[in-house]
Structure formats: C-alpha cells, structure tokens
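The chain is numbered in sequence order, starting from 1. The figures that follow rest on heavy atoms only: side chains count, while hydrogens, waters and symmetry mates do not.
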Amino acid sequence: MEPILLERAAKHLLEGDPKLAAALAVRRRSTFWSRRVPEIFLQWSLVETAADLLGDCAAIAAEIKKGKWSLGDLVSAYVGRSKPWMALDTKARHLESRWARFDLRGSETGPDWEKLMAKCRSNYLGTLDLSTEAYTQALEAAGFHCEGVPPQSQIFRDHVAPAVRSGKKTAYLLVDALRYEMAVEMVDVLGGDFTVETSPVMGQLPGITPVGMAALMPQAENGMALEKHGGKLVVAVAGNRLPDRAARLQWLKDKSGEDTASLKLGDVVRLTPKKKEALASTRLLVVTSQEIDRLGEGENGDEEARIYMEDVLEKLRRGIRNLATLGFDDIIVTADHGFIFAEGFETGLKMDAPGGETLELHARCWVGNGGKNADGFFRVAASGLELGGDLECALPRGLGTFKNKAGAKAYFHGGASLQEQILPVVRLNRKAAKGKNAATALQVQMPRNKITNRFFSVTLSLEAQEMFEPEPKLVALELLVGREIAGHAAVASYGFEEGTKEVCVRPGEPNSVTLMLSMSPPPEKVSLRVIDSKSGNPLATLKDIPVNLAL
C-alpha cells in the first residue's frame with residue numbers, strides 16, 4: 001500500500017496540488033510501516049519537502065508578478081519576514097541533499113522520482129528567474145545602493161573592531177560562499193547557549209572571492225579598487241594590493257592592532273592541546289573556510305558537492321562551540337559572497353561575454369574593458385559600484401550566464417541576485433553557564449545486532465540518573481570505521497536538524513533515528529558514537545557492529 005500511496009502523493013504534486021500531497025505525507029510518516037521500514041520514512045520525507053518547495057514556488061512567483069518591486073522591499077521579503085523567501089532556497093538545498101543521499105533511482109515500485117525531481121527543479125528555477133529579474137531591475141534603479149542595508153565593506157569597522165577594542169577575545173569567521181539562509185540554519189539551535197544576532201549586508205559586486213574577501217578586511221570602507229596587474233585582476237584595499245589569502249591575512253594582522261592568529265576551519269573543529277595553548281593569549285582569531293566554494297566549483301560532481309556542503313554547517317557549529325570554550329566572547333561569522341545552486345539551465349540562458357580586454361570571466365560576471373553590449377547583461381563602471389580603477393563589470397540580467405571555458409555548472413556565483421549578494425553577519429555571545437544539570441544517561445538500542453541494509457534505525461533514549469528532570473540533549477551521531485566517517489543520520493522521528501544532521505533527544509521520549517551507511521564498498525563492521533553537540537563529549541558507543549548487506 002505504501003508505494004500506491006506514494007504514487008498518489010506524487011500525482012498530486014505533478015498536477016499542482018502540493019497541499020494534498022503534504023497532508024498525506026505528514027499522516028504516513030507516523031504510521032507503522034514508516035516506523036518499521038526506514039526507506040519508507042525517507043520517501044515520505046522527500047515527498048513532504050517537495051510539497052513544501054512547490055507550494056513556496058507558487059506563492060512567491062504569484063507575489064513577484066503582482067507589481068514592480070523596490071530594492072528595499074525585495075531584500076525585506078528575502079530575509080526580513082516571519083516566512084522569508086530565503087526559506088525556499090533552504091528547502092531546495094534539503095531536497096537535493098536528500099535526493100543525492102537516498103538514491104531512489106530505478107525503484108520498481110512507487111512514484112517516478114526522476115519526473116518529480118524534474119518538476120521541482122523546473123519550478124524552483126522559474127521562481128529564481130523571476131526574483132533575479134526583479135532584483136537586477138531594482139538594483140540598477142537604486143544605483144546599486146540599498147537604503148538601510150549596509151555594504152559588506154563596513155563589517156570589520158562596525159562589528160569586529162569594536163569587539164576587539166572592548167578587550168574581548170574575538171573570533172572572526174570568514175566563510176567562503178556562506179549563503180544567508182545557511183547562516184540562519186547554522187545558528188538556529190545555538191540560541192540556547194548563545195545570544196545570536198543575524199543581519200544582512202549588501203555584498204560587493206562582482207561577487208567573486210578576491211573581491212568579497214577583500215571587502216571583509218580592515219579599512220575596506222575607506223576604498224577598494226579593481227586594478228590590472230601583470231595582466232590579471234587584483235583587488236586593492238586603501239591603496240594596497242591584496243592578491244591572495246596570504247596577503248589578506250597579513251594585512252588583517254597588521255591593521256588589527258592586537259595579537260592576531262589565523263586558523264582554518266578544520267583546525268578549529270579538532271583543536272589540539274598545542275593549538276589551545278597557542279590561542280590562550282590571542283585577542284583576535286581569524287578562521288577561514290573554503291569548503292563550500294571548493295566543493296561547488298570542484299570536479300567531483302554536483303551530487304557529491306550537495307552532500308558534503310551540508311556537512312560544513314555541522315563543522316561550523318562545532319567550531320563555534322569550541323571557540324566559546326576557549327574564552328572567545330564575541331564570535332562574528334560572515335561571507336565573501338553567496339551562490340545559486342540550481343539544476344536544469346537551458347541553453348538559451350547562456351550568452352556570449354562582452355569580449356574586449358577580459359581580466360576575469362565567470363559564469364555570472366565579466367571584468368575588463370571594451371567589448372560589446374547586449375540586452376542579456378548590463379555594464380557598469382567600477383566607480384558605479386563604489387570601486388576605484390578604470391575597469392568595467394558586466395553582470396547578467398535575470399538568471400543568465402556567460403559562456404566561458406569552465407562552463408556553467410549548477411553551482412555559480414558572481415552576479416546580482418538575492419542568493420548571491422545578500423550576505424549574513426552573525427554575532428554570537430556565549431550566555432552565562434546555568435547551574436549544574438541533573439546527571440543523565442543516554443542509551444542507544446538497535447532492533448538487530450547487525451546491519452543488513454544501508455538504511456537502518458537506532459533508538460536514542462534519555463533518562464535521569466538523579467531525582468531532577470534532565471534537559472533535552474542535542475547530539476551528533478558518527479558512524480565510523482576507525483577514524484573514517486562511514487555514514488550519517490538521515491532523518492529522525494522528531495528534532496532532526498537537516499543542515500547539521502544533529503538530533504534532539506527529549507527525556508522520556510525515545511527518538512528513532514534512521515542512519516545511512518554510505519561507505520562503498522561496505523565495511524565488515526562499523527562503530528556508532530553519539531556525541532553531545534554542546535560539549536563534544538561522547539555519550540554512548542556501540543562498537544564493532546557487523547555489516548552484512550542483503551543483495
């Protein structure tokens with residue numbers, strides 16, 4: 001019956017009735033077979049996410065078509081509402097991540113999943129095109145300036161410098177391609193331990209890494225310039241060229257006026273005793289992360305990028321918690337640019353670049369001099385973007401892309417869209433520690449003593465060891481072969497954080513968690529470790545679980 005009901009839900013989606021499909025998915029997720037067979041639960045989860053996405057696509061598209069939008073109204077609609085448009089990007093990211101992880105292709109029963117995914121991608125892409133066309137029109141009309149939304153170049157002056165001057169240990173996290181909606185999801189469950197403030201800034205165009213990272217440096221508010229040097233594009237801050245990461249970090253250390261250190265995100269996630277000791281006297285720590293951009297632009301394929309892109313959020317959360325335990329009172333997280341990650345570009349959306357003297361050519365931006373004009377893109381002098389130098393930039397109108405040697409993948413950035421240009425500034429301050437909580441014991445149970453399917457379930461239970469009621473715990477589940485990750489949590493009965501794969505466990509309310517064994521070929525045995533997300537301490541371990549996958 002489940003495949004028949006799944007087909008019915010998919011039919012509702014394909015025929016344009018996402019509400020009926022969503023209602024059916026919510027009912028079926030809590031029934032016997034969904035609890036008994038993990039694959040069924042996962043399929044209903046996919047249907048529910050698809051229904052939410054298609055419903056949002058229809059609502060946002062209808063709203064955009066109602067009239068002409070100002071730049072301020074578009075930014076407010078994207079990030080400022082109780083139900084902001086950016087939630088659509090989160091749902092699209094979750095849908096693609098689930099699709100990449102669950103591998104439902106070629107199922108002999110149930111819906112035509114490929115057809116359903118094509119419908120979701122087409123509608124999402126259409127909504128992106130509408131919002132981006134409205135955004136580029138409003139951006140040009142506003143002279144590339146949005147009243148009430150500060151430029152990216154003021155982040156260090158307005159957020160980092162005051163924290164450092166106040167004497168606080170400050171951490172400044174520069175996350176390449178951290179989109180606004182990802183930042184919101186990343187800090188969503190940190191509110192219990194931190195006071196969190198998230199606000200938007202306007203990213204500096206063109207939205208490529210050398211420009212965006214330079215805009216995050218000290219004195220960027222005093223002037224940036226696009227310069228030609230050695231036949232290449234170089235970005236200068238306050239008259240000083242910063243051609244790469246090393247130059248930017250040196251500039252930041254020289255201008256911060258405090259004892260400054262720098263680390264990569266991976267070093268912060270797993271802090272060694274030596275690194276902890278070295279950071280004891282550090283007043284300003286700069287943490288850089290390139291994982292999102294590197295994965296999106298890499299050669300390993302879009303599906304693999306989607307899977308590992310989700311893992312970056314978990315690493316950021318762990319890193320933030322680690323920094324707080326080392327006494328970093330003020331933690332500021334921001335990005336150089338956002339991105340669009342969308343399948344299904346049509347050939348007609350790809351256009352010839354202006355040509356002429358080309359210093360930089362990406363899918364969504366051109367920097368140079370001369371060349372031609374065309375209706376599919378607009379040109380703006382560097383001065384029009386409040387940049388020095390005599391170079392020009394060309395940016396597509398709408399969701400178009402330039403033809404270039406690298407080709408236009410599903411992942412791209414550099415242009416003018418809400419997803420690419422509206423960036424987050426997140427400030428976190430650790431709350432005062434509460435009184436000692438009741439001692440708790442977390443137990444893990446498996447219905448079988450071996451793993452016979454790549455999808456399998458465990459039950460987490462939380463009980464008090466004292467007379468006081470324990471608080472809920474947020475945990476991460478690690479499926480390991482030695483130190484190598486062999487799988488991950490996919491869904492849970494309740495309290496599952498899609499972006500970080502963390503799970504909430506409430507006292508007296510067991511939580512059934514479905515895990516996916518992703519290692520290929522499958523190992524002979526694995527170990528499962530449950531970790532307290534706040535402290536990083538292990539809470540429970542199941543060692544050497546036999547793996548015997550059925551063919």
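- When the side chain to side chain donor-acceptor pair (under 3.5 Å) test is applied to Thr282, no partner is found at least two apart in sequence or on another chain.
- Heavy-atom contacts from other residues, nucleotides or ligands closer than 6.0 Å to CD of Gln290 number 12 or fewer.
- Among residues two or more places apart in sequence or in another chain, the ring-ring contact (aromatic ring centres under 6.0 Å, His included) test is passed with Phe144 by Phe378.
- Closest approach of Pro472 to Cys504, counting heavy atoms only: CB-SG, 4.0 Å.
- Atom CE of residue Met213 and atom CG of residue Asp244 lie 12.5 Å apart, to the nearest 0.5 angstrom.
- Under the 4.5 Å side-chain criterion, counting only non-hydrogen atoms from C-beta, Leu279 is in contact with Leu285.
- Here CG of Leu313 is found 6.5 Å from CD1 of Ile292. Values are rounded to the nearest 0.5 Å.
- Contacts classified as ring-ring contact (aromatic ring centres under 6.0 Å, His included) and involving residues 224-266 (residues at least two apart or in different chains) are not found.
- Inter-residue side-chain proximity for Thr170 and Phe328 is flagged as unmet; no heavy-atom pair is nearer than 4.5 Å.
- The two residues Ile340 and Gln419 make their nearest non-hydrogen contact at CG1-CB, 3.8 Å.
- The side-chain contact (heavy atoms from CB on, under 4.5 Å) check on Ser45 picks up Arg29, Phe41, Arg98, Val491, with sequence neighbours excluded.
- Inter-residue side-chain proximity for Gln250 and Leu242 is flagged as unmet; no heavy-atom pair is nearer than 4.5 Å.
- For Tyr172, the ring-ring contact (aromatic ring centres under 6.0 Å, His included) criterion is met by Phe156, not counting sequence neighbours.
- Taking CZ of Arg306 as the start and OG of Ser97 as the end, the distance is 8.5 Å to the nearest 0.5 Å.
- Ring geometry for His413 against His337 counts as parallel: the plane angle stays under 30°, on a 0 to 90° scale with 60° as the upper cut.
- The main-chain N or O of Leu460 is never found under 3.5 Å from a side-chain atom of Asn511 such that the two would form a donor-acceptor pair.
- In this structure, Lys228 places its NZ atom where only 12 or fewer heavy-atom neighbours from other residues, nucleotides or ligands lie under 6.0 Å away.
- In this structure, the side-chain contact (heavy atoms from CB on, under 4.5 Å) partners of Lys275, at least two apart in sequence or on a different chain, are Leu263, Asp267, Leu271, Thr272.
- The shortest side-chain heavy-atom distance between Ile208 and Cys365 falls under the 4.5 Å cut-off.
- Under the side-chain contact (heavy atoms from CB on, under 4.5 Å) criterion, Leu480 pairs with Glu478, Ile485, Arg529, not counting sequence neighbours.
- No more than 12 heavy atoms of other residues, nucleotides or ligands lie within 6.0 Å of CZ in Arg270, so this atom counts as exposed by the packing criterion.
- Between atom NE2 of residue His488 and atom CG of residue Leu517 there is a gap of 9.0 Å, rounded to the nearest 0.5 Å.
- At a cut-off of 3.5 Å, with distance as the only test, a side-chain donor of Thr90 or Glu181 sits close to an acceptor on the other residue.
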Could you walk me through whether Met186 and Ile320 pass side-chain contact (heavy atoms from CB on, under 4.5 Å), step by step? CA-CA 10 Å; Met186 178 194 71; Ile320 288 168; 4.0 Å; yes
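- Proximity of Ile422 to Val75: side-chain heavy atoms (C-beta onward) are separated by under 4.5 Å at one or more points.
- Every residue was checked against the ring-ring contact (aromatic ring centres under 6.0 Å, His included) condition with Tyr135, not counting sequence neighbours, and none meets it.
- Arg430 pairs by the salt bridge (charged side-chain N to carboxylate O under 4.0 Å, His left out) definition with nothing, not counting sequence neighbours.
- Electrostatic pairing of Glu96 and Arg121 counts as a salt bridge here, judged by a charged N lying under 4.0 Å from a carboxylate O.
- Heavy-atom neighbours of Glu386 CD from other residues, nucleotides or ligands within 6.0 Å: at or below the threshold of 12.
- Side-chain contact of Glu185 with His94: a donor-acceptor pair under 3.5 Å is present, judged by distance alone.
- Ion pairing of Arg241 with Glu227 is present here, as a side-chain N (NZ or NE/NH1/NH2) and a carboxylate O approach within less than 4.0 Å.
- With sequence neighbours excluded, the residues that form a salt bridge (charged side-chain N to carboxylate O under 4.0 Å, His left out) with Asp193 are Lys534.
- A salt bridge links Glu502 to Arg317: at least one charged side-chain nitrogen sits closer than 4.0 Å to a carboxylate oxygen.
- Phe402 does not carry Arg364 over the face of its six-membered ring by the limits of under 6.0 Å from the centre and within 45° of the normal.
- Dense packing is recorded around NZ of Lys168, with more than 12 heavy atoms of other residues, nucleotides or ligands lying under 6.0 Å away.
- Once rounded to the nearest 0.5 Å, the distance linking CG of Leu53 with CG of Leu95 reads 6.0 Å.
- Contact annotation: the side chain of Met516 never approaches that of Leu42 to less than 4.5 Å [non-hydrogen atoms, C-beta and beyond].
- Looking only at distances, no side-chain donor or acceptor of Glu291 sits under 3.5 Å from a matching main-chain atom of Val312.
- Residues Arg245 and Thr288 have side chains that bring a donor and an acceptor to within less than 3.5 angstrom of each other.
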CA sep, side-chain torsions, deciding dist, call: Phe412, Phe339, ring-ring contact (aromatic ring centres under 6.0 Å, His included): CA-CA 6 Å; Phe412 52 84; Phe339 65 89; 9.3 Å; no
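- Smallest separation of non-hydrogen atoms from Val547 and Pro523: CB-O, 3.2 Å.
- The closest side-chain heavy-atom distance from Val475 to Ile531 is not below 4.5 Å.
- A pairwise comparison of heavy atoms in Val149 and Pro200 identifies CG1-O, 3.8 Å as the closest pair.
- A salt bridge does not link Glu497 with Lys501: every distance from a Lys NZ or Arg NE/NH1/NH2 to an Asp or Glu carboxylate oxygen is 4.0 Å or more.
- Side chain to side chain, Asp336 and Thr209 meet the donor-acceptor criterion of an N or O pair below 3.5 Å.
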Determine, step by step, whether Val333 and Leu174 satisfy the side-chain contact (heavy atoms from CB on, under 4.5 Å) criterion, reporting the C-alpha distance in whole Å, the side-chain angles of both residues, the deciding distance to 0.1 Å, and the verdict. CA-CA 6 Å; Val333 186; Leu174 311 181; over 6 Å; no
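- For the salt bridge (charged side-chain N to carboxylate O under 4.0 Å, His left out) test, no residue two or more places apart in sequence or in another chain qualifies with Asp188.
- In this structure, Arg93 is not positioned above the aromatic face of Phe341 in the sense of NZ or CZ being under 6.0 Å from the six-membered ring centre and within 45° of the axis.
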Give the C-alpha distance, both sets of side-chain angles, the deciding distance and a yes or no for side-chain contact (heavy atoms from CB on, under 4.5 Å) between Ile331 and Leu173. CA-CA 8 Å; Ile331 300 173; Leu173 277 65; 4.0 Å; yes
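- Separation of atoms CG (Leu395) and SG (Cys393) is listed at 6.0 Å; rounding is to 0.5 Å.
- Side-chain contact annotation: Tyr180 with Asp89, donor-acceptor N/O pair under 3.5 Å absent.
- When the ring-ring contact (aromatic ring centres under 6.0 Å, His included) test is applied to Trp85, the partners found at least two apart in sequence or on another chain are Trp69.
- Side chain to side chain, Glu258 and Ser256 fail the donor-acceptor criterion of an N or O pair below 3.5 Å.
- In this structure, Gln204 and Leu387 have side chains that are in contact, with non-hydrogen atoms separated by less than 4.5 Å.
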